[in-house]
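Below, chain A is the first sequence line, B the second, and so on; all start at residue 1.
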Amino acid sequence: MRHDFKLEPLPSSFYSQPTLELAEALLGHMLVNVTEAGTSSGIIVETEAYLGESDQAAHSYQKRRTKRTEIMFASPGHAYIYQMHTHHLVNVVSGEAGNPQAILIRAIEPYSGIDLMKQRRPVEKLTNLTNGPGKLTKALGITRADYGRTFFEPPLLITKGIEIKTIARGKRIGIDNSGEAKDYPYRFWVKNNPYVSR
DNA sequence: GTCGAGATTGACT
DNA sequence: GTCAATCTCGACT
């Protein structure tokens, strides 16, 4: 645990940029979760954009509004969290209110509270701690209870991180049954970073 | 009320 | 490579 670690959340205005640009801009910033057990965080190194209305792979395709997708219709900067099989996934809501877009955080590089994260999710190698969307939520202690929070107020935060110089872009993962949308290059990651999911 | 599917992961053949 | 875990919620009877 680093004791000089300051929580400097990115302002709500940061989220008011086009979803694909925001997905790229998030790389290098920090995903932070504050709990009773302590604070843990990591640098965002992999994201995927879901463009809602026009994106067959998105839960909000054709503005499909359900109990689960409801938060995507809110203003940007909210947390869209849902359970996938035995795991939770965390998304950053994007697009202005009424335009249901979101960005899935697929991987982070452990930064602070690493012992706490290992406690929640024991692993031998650090590179296996948060290199997947279900893995990072368990390591950070993010659950469905965090659904609907914002990323600019504690306990769940995205704070200013580092500048990323080399960004790679490619197809999204795990959406093979989504027609043409499965080939859209909406996945962004930090090139050569060992904590990316694959 | 019942059924099925899913933006994943880990264990196993 | 295959497969099951475990839970939310929409679609349907």
Which part of the nucleic acid, if any, lies within reach of A/Arg121 when heavy atoms closer than 4.0 Å are counted: base, sugar-phosphate only, or nothing?
-> sugar-phosphate

Reckon A/Asn177 touches a base, only the sugar-phosphate, or nothing at all at heavy-atom distances under 4.0 Å?
-> sugar-phosphate

Could you state the CZ-P distance from A/Arg144 to C/dC7, rounded to the nearest angstrom?
-> 13 Å

Which residue lies more 5' along DNA chain C, comparing A/Lys67 with A/Thr86 via nearest heavy atoms = A/Thr86

What's the CD-P distance between A/Glu48 and B/dG6, to the nearest Å?
-> 16 Å

Rounding to a whole Å, what distance do you find between A/Arg198:CZ and B/dG10:P?
-> 12 Å

Does A/His59 have a side-chain nitrogen or oxygen under 4.0 Å from the phosphate oxygens OP1 or OP2 of B/dA7?
-> yes

Would you verify whether the NZ or CZ of A/Arg144 falls within 45 degrees of the ring axis of A/Tyr147 while also being under 6.0 Å from that six-membered ring's centre?
-> yes

So what's B/dG1 paired with, Watson-Crick or G-U wobble, going by both distances under 3.5 Å?
-> C/dC12

Atom-pair distance (NE2 on A/His87; C1' on B/dA11), nearest Å = 12 Å

Scan side-chain atoms only and decide if A/Ser40 and A/Arg120 contain a donor-acceptor pair under the 3.5 Å cut-off.
-> yes

Rounded distance in Å - CZ (A/Arg68) to C1' (B/dG6) = 7 Å

How would you label the contact of A/Thr66 with the nucleic acid (heavy atoms, under 4.0 Å): base, sugar-phosphate, or nothing?
-> sugar-phosphate

Any donor-acceptor pair under 3.5 Å between the side chain of A/His85 and the base of C/dA4?
-> no

May I ask you to say whether A/Glu8 pairs ionically with A/Lys160, meaning some side-chain N is under 4.0 Å from a carboxylate O?
-> no

Any donor-acceptor pair under 3.5 Å linking the side chain of A/Thr69 with the backbone of A/Arg64?
-> yes

From the options B/dA7, C/dT6, B/dG10, select the nucleotide whose nearest atom is closest to the side chain of A/Lys135.
-> B/dG10

Between A/Met72 and A/Val123, the residue closer to the 5' end of DNA chain B by nearest nucleotide is A/Met72

Between A/Tyr111 and A/Glu109, is any side-chain donor less than 3.5 angstrom from a side-chain acceptor?
-> no

Base, sugar-phosphate alone, or nothing: which one does A/Leu104 contact when heavy atoms must sit under 4.0 Å apart?
-> base

Anything under 30° is parallel, anything over 60° is perpendicular, the rest tilted; go ahead and classify A/Tyr15 against A/Phe152.
-> tilted

Spacing of A/Gln83 atom CD relative to B/dA7 atom C1', expressed in whole Å = 14 Å

Atom pair distance, as rounded to whole Å: NE2 in A/His88 and P in C/dC9 | 12 Å

Could you check whether A/Arg64 gets within reach of a base, just the sugar-phosphate, or nothing at all, counting any heavy atom under 4.0 Å?
-> sugar-phosphate

Rounded to the nearest angstrom, tell me the gap between atom CZ in A/Arg106 and atom C1' in B/dT8.
-> 9 Å

What nucleic acid atoms does A/Arg172 come within less than 4.0 Å of, heavy atoms only: base, sugar-phosphate, or nothing?
-> nothing

Could you let me know what B/dA7 is paired to, Watson-Crick or G-U wobble, both distances under 3.5 Å, or none if it's on its own?
-> none

